[in-house]
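See below for the structure under consideration.
Chain letters run A, B, ... following the sequence lines, proteins first, then strands; residues in each count from 1.
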Amino acid sequence: MKTYYSPEDLSKFPTIGEGAPELWKKFSEWYGAVFAEGALSEREKALIALAVAHAVQCPYCIDAYTQTCLEKGSNEEQMTEAVHVAAAIRGGASLVHGVQMKNAAKKVSL
Amino acid sequence: MDNLNPFDISLSKSALYPLTATGITIFQVNVGRLCNQLCKHCHVDAGPDRKEVMQKNTMEACLDIIEKTDIPTIDITGGAPEMNPNFRWFIKEFRKRGRHVMVRSNLTILAEPDYKDLPEFFAENKVEVIASFPHYLEQTLDRQRGNGVFKKSIEALKQLNSIGYGKQDSGHVLNLVYNPAGAFLSPSQKALEADYKREMLKRYGIIFNNLYTITNMPIGRFFNYLNSSENYTSYMEKIILSYNPTAASLVMCRYTLSVGWDGSLYDCDFNQMLGMKVNHGAPSHIKAFDIARLCNRQIVTGIHCYGCTAGGGSSCGGAVT
Ligand code: SF4
Ligand code: SF4
């Protein structure tokens with residue numbers, strides 16, 4: 001193993017089912033249902049997935065959902081805005097914890 | 001199953017082997033590989049230096065066939081078909097014979113000095129214009145077709161609109177063609193058409209009739225791109241895994257015949273670019289044209305055919321399902 005991540009590994013995802021086939025089956029069915037057209041369109045769901053993929057920084061998901069977004073008809077402007085949403089929430093989440101810092105500082109200060 | 005290519009095996013599994021034509025309703029003529037552009041996705045490998053251009057005697061042979069048959073629709077393609085010196089004459093002759101004529105235009109040619117009056121010519125001859133316009137964002141389109149192509153295309157579309165093209169009930173039909181700007185499949189044609197209509201009107205004030213989504217075929221310059229970008233294997237896996245039996249039953253070769261610049265006959269424009277002529281006992285040149293044998297001919301297939309059967313399917317008229 002030369003690197004931890006390799007693009008070829010994405011297609012090996014189903015091999016995770018080998019150790020626990022029943023759990024894999026349940027996961028696959030649930031996953032499929034999650035991304036099916038519902039109250040949100042398949043395209044909206046793919047854009048959310050793309051944003052989350054950036055928030056969790058999963059290279060497999062970024063690769064897969066970039067392609068899915070393009071295949072669902074999203075354009076690069078929309079996809080870039082989705083990544084900004086992920087980045088804004090990550091940045092905002094760090095920053096808002098500054099309130100905890102202030103609380104903690106206040107607690108130990110005269 | 002001996003000697004069957006993987007596509008034929010897929011066809012067998014969906015009870016479609018051997019794939020046969022069901023008739024000929026579209027007579028597609030490729031009048032040459034000469035083009036003013038050099039697009040990265042081009043399956044024809046067309047460009048300004050190509051010398052293969054259909055001669056007038058071959059065009060006359062095409063007209064002769066049309067006279068003897070009742071094939072209703074003529075689909076003229078290239079290269080940039082407008083660059084064939086006999087292009088206008090050819091269209092007028094088909095119209096005299098009462099046939100519906102479609103022209104596949106790259107739009108930018110309409111901005112060139114010798115071709116500026118073509119929109120009026122199209123309107124006078126009731127030509128249906130099928131225009132390449134692979135994205136409504138300038139950056140995405142130019143990446144695929146070359147710098148400045150987007151702006152020229154917008155000008156041509158505005159001119160076509162100004163004489164009634166794209167207006168409902170004007171009788172002047174303008175259809176746009178989308179193809180993915182890379183190694184991925186097309187979105188749903190219906191959903192993308194709605195996006196295109198909204199964005200084209202909002203951003204540029206342009207209207208059109210229908211959007212056709214077309215899959216990039218793994219041949220020609222797109223094949224070279226797939227190889228050099230190391231996308232070939234994953235792209236082929238994608239189109240093979242997306243094989244759709246319903247789309248396979250509706251592939252365009254079942255109702256189209258494609259004529260090459262030298263009069264050779266092919267099941268489709270893709271086979272034409274691969275040099276795979278009509279076979280299985282049917283005539284492979286216009287000189288030996290035999291409508292009865294061509295109408296139910298067996299189609300010549302290859303691994304590239306998966307491009308026509310992936311997902312919603314793909315044809316010169318867009319998705320097939
Ligand atoms: S895709 Fe069309 S416009 Fe582009 S080079 Fe090929 S024939 Fe010319
Ligand atoms: S590539 Fe040509 S022969 Fe093959 S399925 Fe498509 S239209 Fe038919």
Side-chain angles (χ1 to χ4, degrees), chain A residues 2-3 5-17 24-25 28-29 31-51 53-54 58-85, chain B residues 41 133-144 150 176 178-200 202-203 211-216 226 229-242 244 307 310-314 318-319:
Chain A
K2 289 200 190 104
T3 59
Y5 287 122
S6 162
E8 290 81 50
D9 288 346
L10 180 55
S11 60
K12 294 182 197 151
F13 189 13
T15 61
I16 292 298
W24 173 254
K25 191 166 165 268
S28 304
E29 283 167 4
Y31 195 95
V34 164
F35 281 97
E37 190 95 12
L40 292 173
S41 68
E42 289 184 357
R43 172 157 62 181
E44 288 163 336
K45 288 180 178 182
L47 278 169
I48 295 170
L50 181 72
H54 282 78
C58 169
Y60 300 123
C61 303
I62 291 172
D63 185 5
Y65 281 95
T66 297
Q67 291 192 41
T68 306
C69 282
L70 291 168
E71 290 176 350
K72 297 292 173 204
S74 290
N75 63 43
E76 283 188 37
E77 291 175 354
Q78 294 160 337
M79 289 159 67
T80 309
E81 285 187 16
V83 172
H84 272 286
V85 170
Chain B
H41 67 281
F133 195 75
H135 210 274
Y136 55 80
L137 292 184
E138 180 167 2
Q139 208 188 8
T140 310
L141 188 143
D142 278 359
R143 212 169 53 220
Q144 180 175 148
F150 184 87
L176 301 187
Y178 161 94
N179 65 280
F184 55 93
L185 297 178
S186 297
S188 132
Q189 183 167 282
K190 200 163 151 252
L192 193 66
E193 182 181 275
D195 288 351
Y196 256 66
K197 288 206 163 166
R198 187 188 61 244
E199 296 296 322
M200 292 295 283
K202 188 175 83 185
R203 292 172 189 248
L211 180 78
Y212 296 155
T213 55
I214 297 190
T215 302
N216 289 319
L226 287 174
S229 61
E230 296 182 6
N231 276 308
Y232 180 76
T233 308
S234 59
Y235 190 72
M236 289 310 291
E237 270 170 16
K238 193 186 277 270
I239 60 175
I240 290 169
L241 280 173
S242 314
N244 172 359
S314 178

Between chain A and chain B, going by a 3.5 Å limit, which atoms form donor-acceptor pairs, if any?
{"from": "A:R43", "atom 1": "NH1", "to": "B:D195", "atom 2": "OD2", "distance (Å)": "2.5"}
{"from": "A:R43", "atom 1": "NH2", "to": "B:D195", "atom 2": "OD1", "distance (Å)": "3.1"}
{"from": "A:R43", "atom 1": "NH2", "to": "B:D195", "atom 2": "OD2", "distance (Å)": "2.9"}
{"from": "A:Q67", "atom 1": "OE1", "to": "B:K238", "atom 2": "NZ", "distance (Å)": "2.8"}
{"from": "A:E71", "atom 1": "OE2", "to": "B:L185", "atom 2": "N", "distance (Å)": "2.7"}
{"from": "A:E71", "atom 1": "OE2", "to": "B:K238", "atom 2": "NZ", "distance (Å)": "3.0"}
{"from": "A:N75", "atom 1": "ND2", "to": "B:Y136", "atom 2": "OH", "distance (Å)": "2.8"}
{"from": "A:E76", "atom 1": "OE2", "to": "B:R143", "atom 2": "NH1", "distance (Å)": "3.3"}
{"from": "A:E76", "atom 1": "OE2", "to": "B:R143", "atom 2": "NH2", "distance (Å)": "3.1"}
{"from": "A:E77", "atom 1": "OE1", "to": "B:R203", "atom 2": "NH2", "distance (Å)": "3.0"}

Of all heavy-atom pairs linking A:L70 and B:P187, the shortest is O-CG, 3.5 Å
Region of B:A181 in contact with chain A, defined by heavy-atom distances below 4.5 Å: neither
Which atoms of B:L185 are under 4.5 Å from chain A, going by heavy atoms: the side chain, the backbone, both sets, or neither? both
